[in-house]
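Worksheet: the structure to be examined is printed underneath.
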Amino acid sequence: MPAESKDIRPGGRSARVRAAVHRAIVDLVQEVGAEKVTIPAVARRAGVNPSSVYRRWGTTSALLADVAAQRQDEGAPELLGDLRKDLERAALWTLADLSRPGGVAFFRAEVAPDVDERRAGLRECLERVSTRFHAALKAAAQRGEATPPLERVLDRVVAPLYFRVVFSIPETNEDYARGLVADLCDAI
């Protein structure tokens, strides 16, 4: 995404435009699918000039990636003080985020090669996803609980969830996510 979109002031017209454009693209993705969303349609829905959207984001993919980055922490579950429950809640949150309408489209846009540099997008996405689980691991370690390395959580919980949702594998549901966490915790 262009550097300009990262440095938006928290208030004022710029923030209002960003919020309106984000709302518009989320609504359009849910209504028609990400592949049919255009910058002019987003601008029309947001009530802004298309040139403003093009200037700030450049492409639909960059706009989708900006929304994905901004939405990442919405609805973050509080830690309960039990590693298994905290990892389970993070896994369920990840599944819900990715499974919501447009979730896969936002993820794909975030890691797409035309959004800045591919490696930078992938790294930022991985850091955001890792943060969800890192907090639970850090809190458990501070309580003296045995914890798996973050990489193992990513390999055994996060990667299967993303793979199964992206490829629409049946029965990728809350029971499946809980099972991944149970298997991981049982192996500690």
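By convention here, the first residue in the shown sequence is residue 1. As the structure is a computational prediction, the values presented were derived from the model and not from experiment.
Under the 4.5 Å side-chain criterion, counting only non-hydrogen atoms from C-beta, Arg156 is not in contact with Asp183. Put simply, the side chain of Glu88 does not reach to within 4.5 Å of the side chain of Glu174, judged on heavy atoms. In this structure the side chain of Arg56 never reaches within 4.5 angstrom of the side chain of Leu63, judged on heavy atoms. Two residues are said to be in side-chain contact when any heavy atoms from C-beta on lie closer than 4.5 Å; Thr59 and Tyr54 fail this criterion. Between Arg84 and Asp186, some side-chain heavy-atom pair lies under the 4.5 Å cut-off. Side-chain contact between Gln30 and Arg100 is absent, with no heavy-atom pair separated by less than 4.5 Å. Side-chain contact between Trp57 and Ile39: absent, with no pair of heavy atoms (C-beta onward) separated by less than 4.5 Å. Contact check for Val21 versus Ile25: no side-chain heavy atoms found under the 4.5 Å cut-off.
In the hydrophobic clustering of this structure, Leu87 does not group with Leu80; members are Ile, Leu, Val, Met, Phe, Trp, Tyr whose side-chain heavy atoms approach within less than 4.5 Å, directly or through other members. Cluster annotation: Leu126 is connected to Val157 through the hydrophobic network of ILVMFWY side chains, with a link wherever side-chain heavy atoms come within less than 4.5 Å. Residues Leu92 and Leu184 are members of separate hydrophobic clusters, defined by side-chain heavy-atom contacts under 4.5 angstrom among Ile, Leu, Val, Met, Phe, Trp and Tyr.
Judged by distance alone, the side chain of Thr172 and the main-chain N or O of Ile169 form a donor-acceptor pair under 3.5 Å. With hydrogens and angles ignored, the 3.5 Å screen pairs a side-chain donor or acceptor of Ser99 with a backbone N or O of Leu95. No side-chain donor-acceptor contact under 3.5 Å links Asp86 to the backbone of Leu79. Side chain of Arg23 to backbone of Ala46: no donor-acceptor contact under 3.5 angstrom is found.
To the nearest 0.5 Å, atom CZ of residue Arg89 and atom CZ of residue Arg178 are 11.0 Å apart. For the atom pair CZ (Arg45) and CG (Asp27), the distance works out to 5.5 Å, reported to the nearest 0.5 Å. Atom CG of Leu28 sits about 10.5 Å away from atom CG of Leu64, to the nearest 0.5 Å.
Taking every heavy atom of both residues into account, Asp66 and Arg18 meet most closely at OD1-NH2, 2.9 Å. Residues Pro149 and Leu137 come closest through the heavy atom pair C-CD1, 4.5 Å. Taking all atoms of both residues into account, the shortest heavy-atom contact from Ala90 to Pro77 is N-CG, 4.4 Å. The shortest heavy-atom contact between Glu35 and Val32 is OE2-O, 3.9 Å. Across every non-hydrogen atom of Phe133 and Val153, the tightest pair is CD2-CG1, 3.5 Å.
In terms of the side chain to side chain contact (heavy atoms under 4.5 Å, CB included) criterion, residue partners of Ala140 (sequence neighbours excluded) are, by chain and number, Leu83, Arg143, Glu145, Thr147.
Heavy atoms from other residues, nucleotides or ligands lying under 6.0 Å from CD of Glu171 number 12 at most.
With Val29 as the fixed residue, the side chain to side chain contact (heavy atoms under 4.5 Å, CB included) test singles out one of Val42, Val67, Val37: Val37.
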